[in-house]
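This is a predicted model, so every value here is computed, not measured. Note on naming: letters A, B, ... go to the chains in the order of the sequence lines (proteins, then strands), and numbering restarts at 1 for each one. Side chains included, hydrogens not; waters and symmetry mates left out as well; all remaining heavy atoms used.
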Amino acid sequence: MSDIRKSLVLHGGLIALLLLLGFVLPAYHHGNLARVMVLAVYAMGYNVLFGYTGLLSLGHAMFFAAGMYGMGLTIQHLGFSAEAALLSGVVAAFLLSTVVGLLALRTTGVAFMIVTLMFAQTGYLVVLYFGEWTRGDEGFVIQKASRVIAGIDVSDPANRYLTALALFAVCLWIILKLVQAPFGKVLIAIRENEDRARMLGYDIFRHKLVAVIVSGTISGTAGAFYGLLFGYAGASFATVQYSIFPLLWVLLGGAGTVTGPLVGALFMFYLIDITSGLTSAYMLFAGVALVLLTLFARQGLVGEIRRRFAPWLP
Amino acid sequence: MAALGSTAPNNLLTTQGLSRNFGGLQAVSNVNFDLPEGQVRALIGPNGAGKTTFVGMLCGRISASAGRVAFLGEDVTLLPAHKRISRGMAYTFQITSIFGRLSLRENVALAVRRRLAGHPDQVQGEVESALSRVGLLDRADQIADDLSYGHQRLLEIAMGLGQKPRLLILDEPTQGLADSEIADFKNLIRSMAGQTTILLIEHNMDVVMEMADFITVLNFGEILAEGSPEQIHANADVQAAYLGTG
Ligand SMILES: Nc1ncnc2c1ncn2[C@@H]1O[C@H](COP(=O)(O)OP(=O)(O)OP(=O)(O)O)[C@@H](O)[C@H]1O
Ligand SMILES: [Mg+2]
């Protein structure tokens, strides 16, 4: 089998499996998996920048939140339909990532981390400052009546699951296309050796800028859907913690792998879910998992599988 | 600058007053340099003479403190590196610089693809031809880090070939190559002679004397001498500064 065909079978199979699970899982896990799929999209966006381009952002919560508030505020205050609100969430994330990219990419390395962190912190404070509309930390509920996409009520668990899956599948497809296209290969080249890539004649700034925009827009799309599907927007999604999550998920699952973000998000979600039932110090388990990972599977779960068994994995 | 615009049309590359200092250190000072199209030019000089800095300013890796660079009759002094490269320069690093975790095939494909953006079907063919010219085709699917040092140097040359440049700048390409590989390298340069202009920084005097049409000697950042291999070989200043010390 050619690598392209293997990848088609694997990723098609993954979508089919998730679809099947949607019909057989008990309600609790069914709800969890819907959530994880949307969060995985968030992490997939993050992975475009971190895993493929080699740029570590500590501020992706601002894109997630831009999508979430771009969607939520327009429903809440402008009476947008769900479709228009989702679009405005995506546009908000697109615009924000363009501006942040243009400014933050003047720096590299640690400075880039700090600058993205500061931007995200500013974003969080903006959400609080305009508390009259955003209702700050407390957030606001998106009414059930507004949560209807193309006639489908996404507050219904089955519809919600399928919508999350559709979003996940579309993003998976986009990212597969991206990383297999010449453009994505240049991103990998920049990650591997920026100086060499420049001296092959590639415009490094332009490629990085597009990577930030694609990454931020996908992450923001996840934020918009998350708010709509689960009916809530709040400032906690704009906090530093939400910038760290996708980094952890991607590290756990495998940076620079297409399916790593899903695996990482799923793993972490259940790790916390299970351990928080046992102890209040559940973050300790997340920490231990990360330490074990850096000791034994440095490239993350999927990254390690790729290294050992399947070098063709995109 | 008017003088640059009016350079002889057969000069692929010209510099005027090109200089670079690092703090108080004058690494390159006031170099006027003409490179005719099609020539194999060797750039030699003792360690620290400023060779790498000089060619870095040609291809845009290093910005000039003063002076001008013209390529294909146009002033490129203010152009960033990637724009100069896309106008037809290629550069191989003195300290091997490849994509270590990628396959040889992908390394060279990255060099080829930018030029063949509209013709993806031609990429594989050109990649394989570049790899076969340096004798690495049978290793195409290996990971670059797994190659010997000498083979990594050859891979970098293949990346230069894959770009089909008008001007190929090679910074000490034979460093670390075995004798048999050096012989192959010389054949490779011969096979390109006439089509591609080559600027070759080289410490191996046998290679220089055999391959170069013309030699420029740099010493303390300045041009000490220029001439044919015979002239340089006979030049007393050069011997004192460089050959004599070898
Ligand atoms: N980035 C830099 N910062 C400070 N000094 C530098 C830098 N790059 C080069 N130099 C200095 O400039 C001078 C010229 O260096 P360059 O590398 O151009 O010499 P070279 O002729 O290529 O030498 P070699 O034969 O050893 O490669 C040296 O004294 C070097 O130490
Ligand atoms: Mg040098």
S.K.: At a heavy-atom separation under 4.5 Å, does B/A90 approach chain A through its side chain, its backbone, both, or neither?
M.R.: neither
S.K.: Could you tell me whether A/W312 atom CH2 has more than 12 heavy atoms of other residues or ligands within 6.0 Å of it?
M.R.: yes
S.K.: Measure from the side-chain N and O atoms of B/R101 to the backbone N and O of A/E192, and report whether any donor-acceptor pair falls under 3.5 Å.
M.R.: no
S.K.: Got a second to check how far B/L110's CG is from A/K185's NZ, nearest 0.5 Å?
M.R.: 8.5 Å
S.K.: Got A/R206 and B/H82 here, is their nearest side-chain heavy-atom distance under 4.5 Å?
M.R.: no
S.K.: Taking all heavy atoms of B/C59 and all of A/M199, pick out the closest pair and write down the distance.
M.R.: SG-CE, 3.3 Å
S.K.: Atom CD1 of residue position B/I95 - does it have more than 12 heavy atoms of other residues, nucleotides or ligands inside 6.0 Å?
M.R.: no
S.K.: Give a yes or no on this: more than 12 heavy atoms of other residues, nucleotides or ligands lie within 6.0 Å of atom CZ of A/R307.
M.R.: yes
S.K.: Flag the pair A/R196 / B/I98 as yes when at least one side-chain heavy-atom distance between them is below 4.5 Å, and no otherwise.
M.R.: no
S.K.: Please classify the contact of B/L102 with chain A as side chain, backbone, both or neither, using a heavy-atom distance under 4.5 Å.
M.R.: side chain
S.K.: So do the side chains of A/L200 and B/R113 get within less than 4.5 Å of each other, counting heavy atoms only?
M.R.: no
S.K.: With no hydrogens and no angle check, is any side-chain donor or acceptor of A/N193 less than 3.5 Å from a backbone partner on B/F99?
M.R.: no
